[in-house]
Amino acid sequence: MISSDIIRGYNDPLILSLLLEGDSYGYELSKKIKDMSQGKYIIKETTLYSAFNRLKKNGYIISYPGNETFGKKRTYYKITDLGKAYYLEKQEEWHVTKEVIDIFLRGKNL
Amino acid sequence: MNTIENYVEAMFSNLPKNAEVISVKSDILSNMQEKYAFLLEEGISENEAVGIVISEFGQIDELIDNLDIEVEKQPDLDKPIIKPLSHEYILDYLATRKKIGLLIGLGVVLCTIGVSSLLFFNAYGSLFGGMISLILLLAIGVSLFIYSGMSMTKFTAVEKDFSISIEDEAMLESFKQSYVKSFTLSMICGVILCLMSLLPLFLVILVNLPIILGVVMLLGIASLGTFFFIYAGNVYGSFTYLLDYKIKVDITPEQLKQHQFWTRFSEIYWISIVIMFFVLGFVFGAWKFAWIIFPVGGIISSFWSNK
């Protein structure tokens with residue numbers, strides 16, 4: 001089971017990493033997260049949209065209306081340069097964090 | 001599909017209706033509908049797909065915190081007096097009741113077939129064979145009943161006062177709505193089967209076959225009808241039980257005390273009614289009229305049944 005405390009801190013960069021591959025919208029992103037993590041992380045709708053809101057407020061992404069689903073315009077998201085910089089920051093932070101935790105939680109056999 | 005819409009409406013009902021919120025609500029709904037359509041394509045049943053989509057909704061509080069909106073918070077909502085049942089507990093309860101609905105229904109069918117087999121074998125010479133099949137089938141049937149009973153014993157929390165979260169309440173309402181059609185169909189099937197079970201009896205008389213065959217078929221068909229009642233009743237009942245008997249999450253301490261008082265009162269009341277019934281019978285010998293105390297007692301009790 002994935003740690004909700006940890007994943008909470010990385011929802012934003014996670015979404016940014018997917019947007020780096022191209023603009024996308026809500027459902028497509030949540031589906032990618034589920035598929036790429038092989039079902040180990042299923043992001044909730046409220047979590048996803050809270051993240052979009054935060055990312056927008058911080059200027060890391062912008063949104064624009066796009067194709068239609070069920071008669072409604074989808075909202076597409078696009079990563080900004082600021083967002084790319086933030087992504088690199090968090091990537092570095094994760095590598096350091098992972099290194100430190102691995103020191104202690106590498107895998108002792110009890 | 002309506003179920004999902006209703007769920008989202010319910011979850012957003014307390015939020016202010018500004019442009020931002022409306023846009024988020026609309027996007028989330030589209031997401032859920034797309035997810036639902038995808039699940040259907042994967043071959044998942046409608047009911048299950050609705051359940052999955054709703055369970056992946058999340059907590060409305062997360063949105064409230066992140067969208068910087070003011071919501072009227074009821075004073076007691078931060079610390080509910082009765083700790084609401086956990087989401088997993090509720091899902092477990094629903095799944096278990098569905099399972100025992102199936103098992104008990106099956107048990108009833110097996111016991112009925114057991115009795116039929118006794119009648120059948122007896123009519124065709126082998127009483128001994130009939131007894132064996134009766135005992136075997138009864139044993140399996142009763143084992144199913146016992147197993148079902150034991151599966152439900154862990155749900156002690158719902159035997160007492162309990163409450164459920166707003167999200168779970170909305171989820172249960174939408175499950176209940178999705179199931180109404182299946183439930184109605186099942187009840188109709190059950191009734192039709194029970195009525196049709198009489199047909200074989202008339203047929204065998206017409207065609208001059210031994211009546212015992214008609215009885216055996218009647219039992220068989222009627223037990224199938226009963227299966228529908230038991231299974232659908234349990235599934236639908238699992239939703240309505242949690243919804244009807246929950247204590248409102250935003251209940252005040254005074255209301256809770258009042259509710260607990262009336263619950264105790266009700267218990268004592270009914271014991272008194274039963275005692276009065278027996279007194280009227282044994283002491284006054286008025287058995288012919290004593291029974292009326294029950295329906296009258298029931299009517300009187302409706303005055304406080306909501307408290």
Side-chain angles (χ1 to χ4, degrees), chain A residues 1-2 4-5 7-12 14-15 18-19 23-78, chain B residues 1-2 4-5 7-12 14-15 18-42 44 49-69 71 86-88 165-168 170-171 174:
Chain A
M1 269 225 62
I2 202 169
S4 50
D5 285 331
I7 203 71
R8 195 175 308 133
Y10 286 92
N11 278 320
D12 293 6
L14 212 133
I15 293 172
L18 292 174
L19 290 177
D23 299 357
S24 189
Y25 66 100
Y27 174 63
E28 196 176 58
L29 289 167
S30 73
K31 184 155 190 323
K32 274 208 193 123
I33 293 176
K34 177 172 169 184
D35 292 340
M36 285 169 70
S37 73
Q38 291 163 335
K40 295 197 185 105
Y41 182 39
I42 301 177
I43 190 169
K44 304 274 203 245
E45 301 287 335
T46 52
T47 310
L48 189 65
Y49 279 87
S50 304
F52 285 151
N53 198 57
R54 255 194 321 271
L55 290 166
K56 249 171 64 174
K57 286 220 163 65
N58 290 330
Y60 298 147
I61 61 176
I62 56 163
S63 66
Y64 60 91
N67 294 336
E68 281 193 21
T69 324
F70 300 106
K72 266 181 288 196
K73 283 228 177 293
R74 283 182 193 154
T75 309
Y76 277 79
Y77 299 95
K78 182 192 195 59
Chain B
M1 282 291 258
N2 272 340
I4 300 178
E5 262 181 71
Y7 181 81
V8 174
E9 274 305 323
M11 301 288 22
F12 277 83
N14 277 342
L15 273 62
N18 59 42
E20 200 182 7
V21 170
I22 294 184
S23 142
V24 170
K25 178 168 121 178
S26 163
D27 282 343
I28 289 188
L29 182 59
S30 304
N31 266 22
M32 291 171 82
Q33 286 169 333
E34 224 179 310
K35 198 185 289 188
Y36 173 76
F38 176 77
L39 289 172
L40 287 185
E41 260 170 58
E42 296 274 286
I44 299 189
V50 168
I52 293 175
V53 165
I54 286 181
S55 70
E56 289 176 11
F57 175 80
Q59 311 277 54
I60 195 69
D61 288 337
E62 197 172 357
L63 272 182
I64 293 177
D65 292 336
N66 274 284
L67 291 181
D68 308 320
I69 45 190
V71 178
S86 77
H87 182 70
E88 288 72 32
S165 72
I166 306 182
E167 282 91 4
D168 286 330
M171 178 185 80
S174 35

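Chain letters run A, B, ... following the sequence lines, proteins first, then strands; residues in each count from 1.
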*asked:* Please classify the contact between Ser26(B) and chain A as side chain, backbone, both or neither, with a heavy-atom cut-off of under 4.5 Å.
replied: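 Both backbone and side chain of Ser26(B) come within 4.5 Å of chain A.
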*Is NZ or CZ of Lys44(A) both nearer than 6.0 Å to the six-membered ring centre of Phe57(B) and within 45° of the ring axis?*
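Pair Lys44(A)/Phe57(B) does not count as cation-pi.
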*Would you find a donor on one side and an acceptor on the other, under 3.5 Å apart, between the side chain of Thr46(A) and the backbone of Glu62(B)?*
no
*Nearest heavy-atom pair of Arg54(A) and Asn66(B): which atoms, and what distance?*
NH1-OD1, 2.8 Å
*Looking only at heavy atoms, what is the nearest atom pair of Ser50(A) and Leu63(B), with distance?*
OG-CD2, 3.8 Å
*Are the side chains of Asn31(B) and Leu48(A) in touch, meaning some heavy atoms are under 4.5 Å apart?*
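Result yes, sub-4.5 Å side-chain heavy-atom pair found.
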*Could you state the interatomic distance from OG (Ser55(B)) to CD1 (Ile42(A)), rounded to the nearest 0.5 Å?*
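Ser55(B) OG to Ile42(A) CD1: 8.0 Å, rounded to 0.5 Å.
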_Once rounded to the nearest 0.5 Å, what's the spacing between atom NZ of Lys35(B) and atom NZ of Lys34(A)?_
7.0 Å
_Test log, rule side-chain contact (heavy atoms from CB on, under 4.5 Å), inputs Glu45(A) and Met11(B)_ = CA-CA 12 Å; Glu45(A) 301 287 335; Met11(B) 301 288 22; over 6 Å; no
*Between Tyr49(A) and Lys25(B), is a side-chain contact (heavy atoms from CB on, under 4.5 Å) present by the stated rule, with each step listed?*
CA-CA 10 Å; Tyr49(A) 279 87; Lys25(B) 178 168 121 178; over 6 Å; no
*Does Glu20(B) pair with Lys57(A) as a salt bridge, N-O distance under 4.0 Å?*
yes
